[in-house]
2 protein chains.
Amino acid sequence: MTSDEEPPTAAKRSDRTKATILSAARRRFAADGYERTTIRAVAADAAIDPSMVMRYFGSKERLFDAALTIDLRLPDLGAVAPQDLARTLLRHFLDRWESDPADDALLVLLRSAVTNERAALRMHEIFATQVAPALGAALGPQAAAVAPVLTTQLLGLALTRYLVRLPAVTALTPEQLVDALLPAVQATVRSAGSRPPGPTTL
Amino acid sequence: MTSDEEPPTAAKRSDRTKATILSAARRRFAADGYERTTIRAVAADAAIDPSMVMRYFGSKERLFDAALTIDLRLPDLGAVAPQDLARTLLRHFLDRWESDPADDALLVLLRSAVTNERAALRMHEIFATQVAPALGAALGPQAAAVAPVLTTQLLGLALTRYLVRLPAVTALTPEQLVDALLPAVQATVRSAGSRPPGPTTL
DNA sequence: CTTGAGTGTCAACAGTTGTTGGCCTACATT
DNA sequence: AATGTAGGCCAACAACTGTTGACACTCAAG
């Protein structure tokens, strides 16, 4: 076999441009959402012809799918002491988002999920496959009751700080945000234990 | 002067159609957001020609402005006992949203604010003129520290339940939601008193 | 040198969008 | 009956969208 493998160095020129397109697409989707992002704009950012975007990704929808491979990279919450859980979660997400808000896949997805059904379904999927299991490992059977509330709180933070950019929220430093939100998140985590399965559940 | 006043009954035919357009616009903006809402679709819903929408409102942007006269109708929170504040807030917004999610101006605005700069600015304005003062009346000078967190929590709820429609959140009844969120919101309200003005404020 | 695939550009399509201007009709006032 | 105006419709515009097909360049293999 002397004939088939690809050039060892410079791993194919096309892969590089494909990656360039993908990163431009992520930035555009993050900044503008699905509907306002145009293939022409993505192509221009990637300094390439719009038709190449089509050739590499087939359609705008498939480009969107490709741009949104989401891995929350949640740590093993089973190894975290319950009293540290709230702080760990807040820090984890804030760290991610602060490092590069315009390129974080979760923020990209969230912005589009508000007006795009496809993106919303993707969000549901991530909750079911990543958030719920991770919290289950930390909180056991009580997690089901708490997970939606925690999601509400964390996505609420993402919404007000990175999407709507409320001045009152963007004015705070990440450390101040952790301090400000900690009581609420901690109360939520604690409510898991204190509330027996069904008090007023009809 | 016997000549000028308008017909007393049936207060002008044009007012009625203008109102019809406005209500159709609200529904469309709520369902689709600013970008995906088309004037043609609004006109079709109102059973009228698209050009009439332009004649009455001038442009899509001005139609959007007209559709979004937001009054949160917040009760006088100064009259609410501090320990009831959390529950009052939760109930107030849940009641509003549940009664007609597809026509609530705040949800309409929120959906668009995520991708539309103009709508986002409108949101900032509402926070400054309605939310902040109302909370100020209830919490005094501490309100400034708490208001952003409360906003995060309430908008987080709106986001997950009405915009992204996470199954884990839509599955709950309003009463269950109040119960689930209460510990967190209460902890936030309480944190207003316990945290002196500036511990780590550099 | 010739080939032929890989990589890219250009120009155009068909559909949709916000927006505009001309025309028609009903009807209260003269 | 004549008429002016408010309310409405129709057809078209220019711009922009996702998408497609034909053509040009590069460069290693034969």
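So you know, we letter chains A, B, ... as the sequences are listed, proteins then strands, and number each from 1. Since we're looking at a predicted model, the values are computed, not measured.
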Participant: I'd like to know whether B/Y34 forms a side chain to side chain contact (heavy atoms under 4.5 Å, CB included) with B/V108, so could you lay out the CA-CA distance, the side-chain angles of the two residues, the decisive distance to 0.1 Å, and finally the verdict.
Facilitator: CA-CA 9 Å; B/Y34 181 82; B/V108 178; over 6 Å; no
Participant: Is there a side-chain polar atom (N or O) of A/S51 under 4.0 Å from OP1 or OP2 of C/dT9?
Facilitator: no
Participant: Provide, to the nearest angstrom, the distance between the CE atom belonging to A/M54 and the C1' atom belonging to C/dC10.
Facilitator: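 Interatomic distance, CE of A/M54 to C1' of C/dC10: 16 Å.
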Participant: Partners of B/R122 by side chain to side chain donor-acceptor pair (under 3.5 Å), sequence neighbours excluded?
Facilitator: none
Participant: Tell me which donor-acceptor pairs under 3.5 Å the side chains of residues 75-90 of chain B have, and how far apart each pair is, sequence neighbours excluded?
Facilitator:
residue	atom	partner	partner atom	Å
B/D76	OD1	B/G78	N	3.0
B/T88	OG1	B/D84	O	2.7

Participant: Would you classify A/F57 as touching base, sugar-phosphate or nothing, given that sugar-phosphate means primed atoms plus P, OP1 and OP2, and contacts are heavy atoms under 4.0 Å?
Facilitator: nothing
Participant: Would you find a donor on one side and an acceptor on the other, under 3.5 Å apart, between the side chain of A/S112 and the backbone of A/L109?
Facilitator: no
Participant: Between the base of C/dG8 and the side chain of A/R55, is there a donor and acceptor pair under 3.5 angstrom?
Facilitator: yes
Participant: By nearest nucleotide on DNA chain C, pick out whichever of A/I48 and A/R40 is the more 5' one.
Facilitator: A/I48
Participant: Would you jot down, in residue-number order, the residues of residues 58-66 of chain A having a non-hydrogen atom under 4.0 Å from DNA chain C?
Facilitator: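 Heavy-atom contacts with DNA chain C come from no residue of residues 58-66 of chain A; none.
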Participant: May I have the list of side-chain donor-acceptor pairs in residues 65-73 of chain A shorter than 3.5 Å, sequence neighbours left out?
Facilitator:
residue	atom	partner	partner atom	Å
A/D65	OD1	A/R118	NE	3.3
A/D65	OD2	A/R118	NH2	2.8
A/D71	OD1	A/R73	N	2.9

Participant: Please identify the 5'-most and 3'-most nucleotides of DNA chain D with any atom under 4.0 angstrom from a heavy atom of chain A.
Facilitator: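 Endpoints of the contacted stretch of DNA chain D: D/dT17 to D/dG21.
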Participant: Who are the side chain to side chain donor-acceptor pair (under 3.5 Å) partners of B/N116, not counting sequence neighbours?
Facilitator: none
Participant: Applying side chain to side chain contact (heavy atoms under 4.5 Å, CB included) between A/L110 and each of B/V164, B/V114, B/L163, report the one that passes.
Facilitator: B/V164
Participant: Quick one: are A/P50 and A/R55 in side-chain contact, heavy atoms under 4.5 Å?
Facilitator: no
Participant: Is the shortest side-chain N/O distance from A/T17 to OP1 or OP2 of C/dG8 below 4.0 Å?
Facilitator: yes
